[in-house]
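Scroll down for the structure; my scribbles are underneath it.
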Amino acid sequence: MLTFFRLWKLAFSRQNTILAGRLRTFLTLLRIYAQAKFSKKTDGPIQLQLEGFTVTGYNYVTLTELYTDIFIKQVYRFASTSTQPFIVDCGANIGMAVLYFKQLYPDSEVRAYEANPDAFALLQQNVTANKLKGVRLFNYVLSDTNGEVDFYIPAATAGLNGSLNPFIAKGTKQRLPAYRLSGLLPENSVIDFVKVDIEGAEFNLLSDLSESGRLNDIQQLVVELHSSSEEMQQKYNRLLNIFGTAYRHDPASDQYTLNFPHVLKFTRKSLSLNTHK
């Protein structure tokens, strides 16, 4: 019964959704819970139907967390002056955010970058299974340098993450191709939205964008900050310094460490948001 009410409360916390949508969310959560509870599958990929999409992942808990953060809490929701915004997903994982972006803006153009080869394979599968148009995928590490780098991948497959930092992702070291995002963005173009969740390499990526001047071309970003509690204030302040006075910032999730939000949304102050979504 406690689980029933917890799922009910979570579903009805969903914003920007009418009552019928919240009821559908509750039924989706209930179905995932029942499927996980009675499933006899203990290893290998699992498949769920979410928001009209077919989604394949490795773990019910991780899939539920991704669905909760991205579709229910909508940490990557953004308004745009266009019905065809240009979106960059840095740290796409298995593609849950890509699916959300295509639900939010069906005609958007999305470029998704994922370093972990196993996560990238599921990202490809989820994009192909849902016949998504206007999506390009890249199996790249994003950093502040071009060339091969050491990338660490945890032994457990459930999270399908990885990091340039061996203390964040303890596991197998692989040599993988790395690129500066500044050199991958289309020239002389405005970028409507950038999602950054790259397991501790956010400052590498953002420093590159700032030093190259390409940060000036980006209207909105959501950045997940990876830090220990001891370094949280220092990294939070460093993050704000990169964006300076040209952007306003707001918490994008309800996760905090020492009163500092883990996920922040940055919006260019000159941007008018009396637009779509």
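- In summary, Lys195 and Asp89 engage in a salt bridge, as defined by a charged side-chain N under 4.0 Å from a carboxylate O.
- Checked by atom type and distance alone, the side chain of Glu230 never pairs as donor or acceptor with a backbone atom of Ser228 at under 3.5 Å.
- Side-chain atoms of Asn93 never come within 3.5 Å of backbone atoms of Gly95 as a donor-acceptor pair (strictly under, hydrogens ignored).
- Side-chain atoms of Lys102 come within 3.5 Å of backbone N or O of Lys133 as a donor-acceptor pair.
- A donor-acceptor pair under 3.5 Å is formed between the side chain of Thr128 and the backbone N or O of Gln124.
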Let's go through Leu271 and Gln220 carefully: what are the C-alpha distance in whole Å and the side-chain angles of both, what is the deciding distance for side chain to side chain contact (heavy atoms under 4.5 Å, CB included) to 0.1 Å, and is it a yes or a no? CA-CA 9 Å; Leu271 180 64; Gln220 298 175 81; 3.6 Å; yes
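- In this structure, the side chain of Arg111 does not engage the main chain of Leu185 through any donor-acceptor pair within 3.5 Å.
- Residues passing the side chain to side chain donor-acceptor pair (under 3.5 Å) test with Asn216, sequence neighbours excluded: none.
- Clustering ILVMFWY residues whenever any of their side-chain heavy atoms sit less than 4.5 angstrom apart, transitively, puts Val222 in a cluster other than the one holding Phe260.
- The hydrophobic clustering, which links ILVMFWY residues whose side-chain heavy atoms are closer than 4.5 Å, places Leu99 and Val194 apart.
- Residues Ile46 and Gln35 have side chains not in contact (no heavy-atom distance under 4.5 Å, counting atoms from C-beta outward).
- Residues in residues 179-201 take part in these ring-ring contact (aromatic ring centres under 6.0 Å, His included) pairs, two or more places apart or across chains: Phe78-Phe193, Phe101-Phe193, Tyr140-Tyr179.
- Atoms NE2 and CG, on His249 and Leu221 in that order, are 13.5 Å from each other to the nearest 0.5 Å.
- In plain terms, the two heavy atoms of Asn204 and Gly200 that are nearest each other are OD1-O, 4.2 Å.
- No side-chain donor-acceptor contact under 3.5 Å links Ser39 to the backbone of Ala36.
- Atom-to-atom distance recorded for Leu215:CG and Ile191:CD1 is 11.5 Å, nearest 0.5 angstrom.
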Could you please spell out the steps behind the side chain to side chain contact (heavy atoms under 4.5 Å, CB included) verdict for Thr28 and Arg31? CA-CA 5 Å; Thr28 297; Arg31 177 168 45 81; 3.7 Å; yes
Side chain to side chain donor-acceptor pair (under 3.5 Å), that's the test. Do Thr83 and Asp107 meet it? Break it down for me. CA-CA 7 Å; Thr83 58; Asp107 297 323; 5.2 Å; no
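- Here the side chains of Leu205 and Asp208 are not in contact, with every heavy-atom distance at 4.5 Å or above.
- Summarising the local packing, CG of Asn259 is surrounded by 12 or fewer heavy atoms from other residues, nucleotides or ligands at distances under 6.0 Å.
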Start with the C-alpha gap between Ser253 and His262, add the side-chain angles, then the distance that decides, and say whether side chain to side chain donor-acceptor pair (under 3.5 Å) holds. CA-CA 7 Å; Ser253 83; His262 283 205; over 6 Å; no
What do the steps show when you test Leu63 against Ile94 for side chain to side chain contact (heavy atoms under 4.5 Å, CB included), and what is the final call? CA-CA 10 Å; Leu63 283 171; Ile94 66 169; 3.5 Å; yes
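- Scanning all heavy atoms of the two residues, the minimum distance from Gln74 to Arg77 falls at OE1-NH1, 3.0 Å.
- Contact of the Leu132 side chain with the Asn126 side chain is not registered, since no non-hydrogen atoms from C-beta on lie closer than 4.5 Å.
- The shortest side-chain heavy-atom distance between Val263 and Val223 does not fall under the 4.5 Å cut-off.
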Determine whether Glu114 and Leu137 satisfy the following criterion, side chain to side chain contact (heavy atoms under 4.5 Å, CB included), listing intermediate values before the conclusion. CA-CA 8 Å; Glu114 174 52 47; Leu137 309 177; over 6 Å; no
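- Lys269 NZ: more than 12 foreign heavy atoms inside a 6.0 Å radius.
- In this structure, Glu224 and Ile198 have side chains that are not in contact, with every pair of non-hydrogen atoms separated by 4.5 Å or more.
- Side chain of Ser189 to backbone of Glu187: a donor-acceptor contact under 3.5 angstrom is found.
- Leu142 contributes atom CG, which lies 6.5 Å from atom CG of Leu184 (distance to the nearest 0.5 angstrom).
- Residues Phe243 and Leu225 share a hydrophobic cluster, clusters being chains of Ile/Leu/Val/Met/Phe/Trp/Tyr side chains in contact below 4.5 Å.
- Here the shortest heavy-atom pairing between Gly57 and Leu122 reads CA-CD1, 4.0 Å.
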May I have the step-by-step check of ring-ring contact (aromatic ring centres under 6.0 Å, His included) for Phe4 and Phe26, ending in yes or no? CA-CA 9 Å; Phe4 180 91; Phe26 170 68; 5.2 Å; yes
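- Residues Ile72 and Thr17 have side chains not in contact (no heavy-atom distance under 4.5 Å, counting atoms from C-beta outward).
- For the atom pair SG (Cys90) and CD (Glu202), the distance works out to 11.5 Å, reported to the nearest 0.5 Å.
- Below 30°, between 30° and 60°, or above 60°: for Tyr100 and Phe71 the angle between ring planes is above 60°, a perpendicular geometry.
- The cluster map of Ile, Leu, Val, Met, Phe, Trp and Tyr, joined by side-chain heavy atoms under 4.5 Å apart, puts Met96 and Val110 in the same cluster.
- In this structure, Gly52 and Asn130 approach most closely via the heavy-atom pair O-OD1, 4.4 Å.
- Asp144 has no carboxylate O lying under 4.0 Å from a charged side-chain N of Arg180, or vice versa, which leaves the two without a salt bridge.
- By the 4.0 Å N-to-carboxylate-O rule, Arg14 lies close enough to Glu51 to be salt-bridged with it.
- Looking at every heavy atom in both residues, Ala115 comes nearest to Asn139 through O-ND2, 3.0 Å.
- Rounding to the nearest 0.5 Å gives a distance of 10.0 Å between OH of Tyr58 and OG1 of Thr56.
- Salt bridge status for Arg175 with Asp150: present, with a side-chain N to carboxylate O gap under 4.0 Å.
- Here the CG atom belonging to Leu7 is positioned 9.0 Å from the CD1 atom belonging to Ile32, to the nearest 0.5 angstrom.
- Thr68 is not listed as a side-chain neighbour of Leu66, based on a closest heavy-atom distance of 4.5 Å or more.
- The backbone N or O of Ser13 sits less than 3.5 Å from a side-chain atom of Gln15, completing a donor-acceptor pair.
- Side-chain contact check for Thr54 and Gln49: at least one donor-acceptor pair (N or O, by modelled atom type) lies under 3.5 Å.
- Relative to the ring axis of Phe203, Arg238 places its NZ or CZ within 45° and under 6.0 Å from the centre.
- Two residues are said to be in side-chain contact when any heavy atoms from C-beta on lie closer than 4.5 Å; Asp192 and Tyr105 fail this criterion.
- Minimum heavy-atom separation, Phe86 to Val190: CB-O, 4.3 Å.
- When hydrophobic clusters are built by joining Ile, Leu, Val, Met, Phe, Trp and Tyr residues whose side-chain heavy atoms come closer than 4.5 Å, directly or via intermediates, Leu164 is not grouped with Tyr113.
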